[in-house]
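One structure below.
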Amino acid sequence: MSSANLEQLMSEVRALTSDEQRKVRELIDSLLEPRAATSGMVSPEDLLDQRLLETGVISEIPPPIKDFTPYENRRPVPVKGKPVSETIIEERR
């Protein structure tokens with residue numbers, strides 16, 4: 001990030017309300033949490049999994065899928081009628 005962009009960002013953060021600044025602080029703190037010891041980096045997906053676990057939405061973090069063989073020859077299931085995407089769009093109207 002260039003110095004000018006950083007200065008602009010800092011100026012915009014200063015203009016926020018205290019509640020908005022608190023949310024920015026929480027975001028920055030979450031990004032600066034200690035990284036995983038094994039990889040040195042934590043992906044956004046790993047952070048999401050950890051937060052879901054901490055809040056009780058999930059009871060365990062499933063291991064990553066390493067063997068993709070079962071997924072190689074997958075074929076879509078034929079469905080009669082209009083596509084689901086059309087139904088979703090219609091219901092949103």
Side-chain angles (χ1 to χ4, degrees):
M1 175 179 278
S2 73
S3 179
N5 287 342
L6 180 59
E7 290 297 324
Q8 180 183 1
L9 177 62
M10 290 171 33
S11 174
E12 290 177 13
V13 169
R14 286 185 189 104
L16 296 173
T17 66
S18 59
D19 187 51
E20 291 169 327
Q21 288 178 349
R22 183 184 52 76
K23 290 178 182 178
V24 170
R25 175 62 183 253
E26 290 173 0
L27 171 64
I28 292 171
D29 288 345
S30 72
L31 295 172
L32 295 175
E33 287 178 358
R35 304 292 188 208
T38 56
S39 67
M41 297 275 300
V42 177
S43 71
E45 291 84 3
D46 292 339
L47 287 173
L48 175 62
D49 285 344
Q50 188 60 39
R51 294 256 168 101
L52 291 173
L53 181 65
E54 290 169 0
T55 58
V57 174
I58 58 175
S59 59
E60 65 179 280
I61 298 174
I65 298 171
K66 295 182 180 181
D67 180 18
F68 293 99
T69 309
Y71 305 99
E72 289 177 356
N73 297 319
R74 293 184 73 159
R75 295 217 166 92
V77 176
V79 178
K80 294 181 182 178
K82 60 185 170 187
V84 174
S85 58
E86 278 185 38
T87 304
I88 292 171
I89 291 170
E90 288 173 0
E91 289 179 0
R92 288 183 180 174
R93 293 183 183 158

Does atom CZ (Arg25) have a neighbourhood of more than 12 heavy atoms from anything else shown, all under 6.0 Å? no
Supply the atom-to-atom distance Arg93 CZ to Glu91 CD, rounded to the nearest 0.5 angstrom. 11.5 Å
Arg14 versus Gln21, closest heavy-atom pair with distance: O-NE2, 3.3 Å
CZ (Arg51) and CD1 (Ile58) are apart, to the nearest 0.5 Å, by 13.0 Å
Return the CZ to CG distance between Arg22 and Leu27, rounded to the nearest 0.5 Å. 12.5 Å
Student check: side-chain heavy atoms of Asn5 and Leu9 closer than 4.5 Å: no
Test item: Glu86 side-chain N/O and Pro83 main-chain N/O as donor-acceptor pair under 3.5 Å: no
Atom OG1 in Thr87, atom CD in Glu90: separation rounded to 0.5 Å? 6.0 Å
With a 4.5 Å limit on heavy-atom distance, are the side chains of Lys23 and Asp19 in contact? yes
As an exercise, state the distance from CG of Leu48 to CG of Leu53, rounded to the nearest 0.5 Å. 11.0 Å
From Asp49 atom CG to Glu60 atom CD, the distance as rounded to the nearest 0.5 Å: 11.5 Å
